[in-house]
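All remarks here apply to the structure that follows.
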There are 2 protein chains.
Amino acid sequence: MIKDYNDLKWDAIQRMEEVERCLFWQGSLGRTELALRLRMSNPQTTAILKQYQQLNPGKIGLNNSSKRYEVNDSVKNLFYTPSLSDLDSHSDTFEIDSYAMSAPSRRTPMDVVRNVARTIYQNKSIDIFYHSHNEPNGKRRRITPHTFVTTTRRTHIRAWCHESKGFRDFIVGRISETGTQSEPGQTLMSDEAWHTLLILKLKPNPKLDSAQKKLIEMDFEVQEGVREIKVKQALLWYYFELYNLWPEHQIQDPKHQPVILGNIDIMAFLNKVPTKK
Amino acid sequence: MIKDYNDLKWDAIQRMEEVERCLFWQGSLGRTELALRLRMSNPQTTAILKQYQQLNPGKIGLNNSSKRYEVNDSVKNLFYTPSLSDLDSHSDTFEIDSYAMSAPSRRTPMDVVRNVARTIYQNKSIDIFYHSHNEPNGKRRRITPHTFVTTTRRTHIRAWCHESKGFRDFIVGRISETGTQSEPGQTLMSDEAWHTLLILKLKPNPKLDSAQKKLIEMDFEVQEGVREIKVKQALLWYYFELYNLWPEHQIQDPKHQPVILGNIDIMAFLNKVPTKK
DNA sequence: CAAAACAGTTAAATTTTTTAACTGTTAATG
DNA sequence: CATTAACAGTTAAAAAATTTAACTGTTTTG
């Protein structure tokens with residue numbers, strides 16, 4: 001009768017995930033509440049909760065006083081990995097408000113995303129009309145995309161550019177049109193700057209006093225004065241942009257530049273492969 | 001036999017959502033593929049696809065040549081709302097790579113998130129140990145949180161602060177401990193700065209040449225020279241931070257400040273209510 | 001102390017899903 | 001150019017999941 005995690009069918013896994021989702025955000029879950037959420041009858045809901053208890057013993061227990069199942073956070077989740085973006089998409093069903101600041105500079109036209117995604121899925125290339133810094137009015141290009149890259153500022157597409165014969169990043173919001181698909185160029189495998197990992201070292205800005213430094217060390221999880229981050233060479237430029245790391249900006253107010261570059265030599269990699277300058 | 005959207009049970013809705021998810025990202029979906037994804041038998045999978053066709057006529061059609069169902073993008077989705085964060089959480093099952101840049105300054109300890117979420121859910125207040133700019137070593141406070149706010153830089157909690165007797169923003173990553181819950185203070189309703197909407201006006205940086213301006217206008221969806229954004233007064237500061245809008249920074253390279261403030265008078269609201277300075 | 005609000009239970013009826021053995025179509029293969 | 005492989009689609013009986021309807025038991029509330 002006790003089933004293994006792997007014996008469950010897809011439907012059952014979805015339900016178990018929903019159970020854990022409720023438990024994580026609410027801390028407790030009533031049977032009637034679950035029956036309403038899953039639109040199921042009471043006997044079946046009871047069965048599901050029993051099944052959950054067998055699969056993940058000790059995670060939940062009925063509190064006779066509140067008449068609700070209460071969660072034991074020291075037992076790990078089996079089905080649900082919590083994240084804030086998940087709260088965003090489910091906050092309407094919980095009574096927990098969640099608000100994402102809208103930022104127009106990051107607009108991501110979903111029809112472009114869709115057509116590029118399908119190009120990746122089919123291992124093809126695609127015609128795009130792209131507005132770059134050098135050609136703001138736009139130019140037709142053919143690219144073989146391999147990965148969507150979400151930086152803190154915008155969404156990019158990492159792709160082989162058939163025009164410039166190299167791997168480049170394309171900002172999704174600057175693609176105004178997508179065209180027909182055709183045979184691919186170079187693929188993920190040969191994107192060296194993508195596969196090269198560098199160590200980026202960050203230090204608190206020395207202009208901060210020691211108490212403020214501690215705060216920054218907390219924010220950045222600094223260990224022994226330096227925070228080391230493994231960074232794809234292809235994305236190095238965006239880390240400079242994010243943390244405002246260019247040495248010529250170090251004159252700035254440390255409020256706008258809480259960390260500075262710990263290994264200047266890494267800047268050599270910024271231009272080595274023409275990623276984006 | 002033809003069922004209405006509302007007649008479907010929870011399980012069925014989840015499945016339909018999965019069907020639309022596959023269709024959106026892949027553009028096509030095979031019956032055998034769907035059977036594997038849903039871990040269902042072939043006859044049942046056929047039934048589900050038929051049911052989908054009845055619910056959303058014209059959305060999919062079998063291509064006899066590829067022997068796969070192909071999507072008609074001009075017919076709207078009924079169950080699935082696409083987003084890039086959704087691709088992130090499902091990209092392992094599609095052959096579409098997706099990579100999110102890690103940014104240590106945004107760390108969000110999920111145990112803190114969890115305990116605060118449950119406090120909101122239960123309409124209570126909670127003790128936290130908070131490291132602010134003025135008190136980097138941390139101080140115990142009691143807050144009544146009402147909303148999670150995701151800005152482009154980090155996750156905040158909007159809350160009534162029992163110590164300073166006002167609504168404040170707390171950076172999740174700067175909460176080092178959460179304590180016991182108790183009775184709430186002021187709630188969402190009385191947070192004026194949260195409910196006050198302002199119009200923020202953005203213009204392309206005049207130092208840009210006209211071609212570059214066009215590009216920025218595309219990025220920001222500028223209409224007739226100005227982009228207007230409705231902004232909660234409580235979040236105004238973060239827009240200044242995001243777009244680097246402080247007038248004293250206007251000397252900067254327009255690469256780092258693509259847009260400037262269109263309505264200087266709005267700055268009065270930055271300090272009016274002590275949100276964060 | 002009675003009522004309300006829950007969780008939990010049972011057994012028969014109903015619905016969904018699987019199993020196993022089929023047909024039909026298209027593209028690729030020798 | 002016939003054969004095969006790879007798919008979608010079908011059927012009917014068997015099995016499994018779910019609902020319905022009528023219950024019991026416990027704790028808090030008024």
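Because the structure is predicted, anything quoted here is derived from the model rather than measured. All values below come from the heavy atoms of this structure, side chains included, with hydrogens, waters and symmetry mates left out. Every chain is numbered from 1, with letters handed out A, B, ... down the list of sequences.
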- prompt: So do the side chains of A:Arg158 and A:Asp191 get within less than 4.5 Å of each other, counting heavy atoms only?
  reply: yes
message: Can you measure A:Asn42 atom CG to C:dT10 atom C1' for me and round it to whole angstrom units?
response: 14 Å
- prompt: Within the structure shown, what part of the strands sits under 4.0 Å from A:Asn63 by heavy-atom distance: base, sugar-phosphate, or nothing?
  reply: nothing
- prompt: Could you state the CZ-C1' distance from A:Arg68 to D:dT27, rounded to the nearest angstrom?
  reply: 15 Å
- request: Using atom CH2 of A:Trp10 as one end and atom C1' of C:dT17 as the other, report the distance to the nearest whole Å.
  value: 15 Å
message: With a 4.0 Å limit, can you tell me whether A:Tyr69 has a side-chain N or O closer than that to the phosphate oxygens OP1/OP2 of C:dC6?
response: no
message: Can you confirm if the aromatic rings of B:Tyr121 and A:Phe94 lie within a centre distance of less than 6.0 Å?
response: no
- prompt: Taking NZ from B:Lys9 and C1' from D:dT19, how many angstroms apart are they, rounded to a whole number?
  reply: 8 Å
message: Between D:dA6 and B:Lys67, counting only base atoms on the nucleotide and side-chain atoms on the residue, is there a donor-acceptor pair under 3.5 Å?
response: yes
message: Check the phosphate of C:dA27 against B:Ser65, side-chain N and O only, distance under 4.0 Å to OP1 or OP2. Yes or no?
response: yes
field: Rounded interatomic separation in angstrom, taking CG from A:Leu49 and P from C:dT9
entry: 11 Å
query: Between D:dT10 atom C1' and B:Arg31 atom CZ, what is the distance in whole Å?
result: 9 Å
statement: Assert: residue with more 5' nearest nucleotide on DNA chain C, out of B:Ile48 and A:Thr32, is A:Thr32
task: Please say whether the positively charged group of A:Lys232, taken as NZ for Lys or CZ for Arg, lies over the ring of A:Tyr238, i.e. under 6.0 angstrom from the six-membered ring centre and within 45 degrees of the axis.
output: no
- prompt: Counting just side-chain N and O atoms, does B:Lys50 come under 4.0 Å of either OP1 or OP2 of D:dG9?
  reply: no
- line: Per nearest nucleotide of DNA chain D, the residue lying toward the 5' end, A:Arg15 or B:Leu62, is B:Leu62
query: Which heavy-atom pair separates A:Met40 from A:Arg15 by the least distance, and what is that distance?
result: CE-NH1, 3.5 Å
message: Can you measure A:Glu33 atom CD to C:dG8 atom P for me and round it to whole angstrom units?
response: 14 Å
- line: Judged by nearest nucleotide, the residue sitting upstream toward the 5' end of DNA chain D, B:Leu29 or B:Pro43, is B:Leu29
- line: When rounded to whole Å, the CD to C1' distance for the pair B:Gln44 and D:dA14 reads 15 Å
field: Proximity to the side chain of B:Asp11 - top-ranked nucleotide from D:dT27, D:dT18, D:dT10
entry: D:dT18
- prompt: Is the number of heavy atoms from other residues, nucleotides or ligands under 6.0 Å of A:Glu95 CD greater than 12?
  reply: no
